[in-house]
Amino acid sequence: MTSLSSHLGALDPTSDRAVFRQIADQLREAIDRGRFKEGQKLPSEAELVEHYGVSRMTVRNSFSVLQGEGLVHAEHGKGVFVRPRPPVRRLASDRFARRHREQGKSAFIVEADAAGSHPKVDSLEVKEEKADQDISARLGSVRRVLARRRRYLLDGRPVEFATSYLPLDIARGTQIAEPNPGPGGIYARLEELGHHLDHFEEEIRARMPSPAEVKMLQLASGVPVIHLIRTAYDTENRAVEVCDTVMAADAYVLSYQLPAT
């Protein structure tokens, strides 16, 4: 470990700010400036105790602040490490381009290829079920839907969990109802069935995860999720799919291109 004096400053004894927060501020600044790189181990508790002349509990409180912000994660018996920046850029204007479907690629595969990562889908469940009030309203008051639930992983790490809901009069008895919908995913199959996609509407919000989502996405303490609900419309302006997606916020950058007019 490089001398801490070159990475971290000294405490300000005249400041009203708590000592553990001053230490957290300095560690955060060092991370932001690249003095501690992604995946790099931070100075140990013992090293920070010696550098700042504080107790171990004070250092631990500083680490807790950074963990709560999602900047670092602790590995038992190994130390505290800088959390990697989001590896996937989710480009809204390109991810559903028809050329990808024609090449047999789903949106997730396109993004994984761009990130240089290995994609995988698991925890797959496909079944018919009663639509809840919100899904029913989005799909034009349907009563029952085909639900496709799956978890997406990049390089073995869970990054999102999604459920697609489709009207039964469209999906029942088609390849969409199979575990593997084929090249290009369900959007390619919808277009083969005559539902040519026209546009998508997305609602996005950030929130803290539920206990089930923490388990499903293996989220570290303090990491929020991005909750996205997307509705796909065909050229007849019929809603043909609703996709409810929960993403690990530290795994994605959401990128949008907006018209100036």
Min side-chain heavy-atom separation Val80-Lys41 under 4.5 Å: no
Pairing of Arg138 and Asp134 as salt bridge, 4.0 angstrom limit: yes
Transitive ILVMFWY side-chain link Ile226 to Val214, under 4.5 Å: no
N/O donor-acceptor pair under 3.5 Å between Arg151 side chain and Met216 backbone: yes
Shortest non-hydrogen contact between Val142 and Pro167, atoms and distance: CG1-CB, 4.3 Å
Asp25 and Arg17, any side-chain heavy atoms less than 4.5 Å apart: yes
Minimum heavy-atom distance Ala188-Pro183, with the two atoms named: CB-O, 3.6 Å
Carboxylate-amine/guanidinium contact Arg144 Glu129, below 4.0 Å: no
Where at least one partner belongs to residues 212-239, residue pairs that pass ring pair (Phe, Tyr, Trp, His ring centres under 6.0 Å), sequence neighbours excluded: His199-Tyr233
Distance (rounded to the nearest 0.5 Å) between Cys243 SG and Tyr187 OH: 5.5 Å
Worked verdict on Leu193 versus Ile176 for side chain to side chain contact (heavy atoms under 4.5 Å, CB included): CA-CA 10 Å; Leu193 292 168; Ile176 294 172; 4.0 Å; yes
Arg148 CZ to Glu178 CD distance, which is reported to the nearest 0.5 Å: 9.0 Å
Closest approach of Leu219 to Ala248 (non-hydrogen atoms, all atoms of both residues): CD2-CB, 3.6 Å
Validation row: Ile23, Val65 side chains within 4.5 angstrom (heavy atoms): no
Polar side chain donor-acceptor pair, Ser164 to Arg150, under 3.5 angstrom: yes
Hydrophobic cluster identity match, Met247 and Phe161, side-chain contacts under 4.5 Å: no
Atom CD of Glu75 with >12 non-hydrogen neighbours under 6.0 angstrom: yes
Interatomic distance, Ile229 atom CD1 to Glu202 atom CD [nearest 0.5 angstrom]: 11.0 Å
Atom pair NE2 (His51) and OG (Ser44), whose distance is rounded to the nearest 0.5 Å: 12.5 Å
Under 3.5 Å donor-acceptor, Ser62 side chain and Phe20 backbone: yes
Ala10 to Gln26 - nearest heavy-atom pair and separation: O-NE2, 2.9 Å
Gap between atom NE2 of His73 and atom NZ of Lys78 - 0.5 Å precision: 9.0 Å
Heavy-atom closest pair, residues Phe63 and Val72: O-CG2, 4.2 Å
For Ala177 against Gly173, the heavy-atom pair lying closest together: CB-N, 4.5 Å
Heavy-atom side-chain contact between Asp234 and Asp198 under 4.5 Å: no
Validation row, ring centre Phe36 to ring centre Phe81 under 6.0 Å: no
Validation row: Leu166, Val145 side chains within 4.5 angstrom (heavy atoms): no
Pairing of Asp169 and Arg238 as salt bridge, 4.0 angstrom limit: yes
Ile186 and Glu241: CA distance, side-chain angles, deciding distance, side chain to side chain contact (heavy atoms under 4.5 Å, CB included) verdict: CA-CA 9 Å; Ile186 61 176; Glu241 182 237 18; 3.6 Å; yes
Minimum side-chain heavy-atom gap Val240-Leu197 below 4.5 Å: yes
Whether Arg83 side chain and Asp250 backbone form a donor-acceptor pair below 3.5 Å: no
side-chain hydrogen bond (donor to acceptor under 3.5 Å, both in side chains) involving Thr174 - partner list, sequence neighbours excluded: none
Shared hydrophobic cluster, Ile170 / Val242 (ILVMFWY, side-chain heavy atoms < 4.5 Å): no
Gap between atom CE of Met57 and atom OG of Ser64 - 0.5 Å precision: 9.0 Å
Step-by-step side chain to side chain contact (heavy atoms under 4.5 Å, CB included) determination, Arg149 to Lys127: CA-CA 9 Å; Arg149 294 181 173 87; Lys127 67 175 185 177; 3.7 Å; yes
Verdict with supporting geometry, Gln22 and Ser15, side chain to side chain contact (heavy atoms under 4.5 Å, CB included): CA-CA 9 Å; Gln22 290 189 52; Ser15 174; 3.7 Å; yes
Neighbour count >12 (heavy atoms, 6.0 Å) for atom CD, Glu50: no
Close side-chain approach of Arg207 and Val246, heavy atoms under 4.5 Å: yes
Heavy-atom side-chain contact between Tyr52 and Leu4 under 4.5 Å: no
Pair Arg230 + Asp244, salt bridge at N-O below 4.0 Å: no
ILVMFWY network linking Leu217 to Val159, side-chain heavy atoms under 4.5 angstrom: no
Within one Ile-Leu-Val-Met-Phe-Trp-Tyr cluster: Ile135 and Leu228, side-chain cutoff 4.5 Å: no
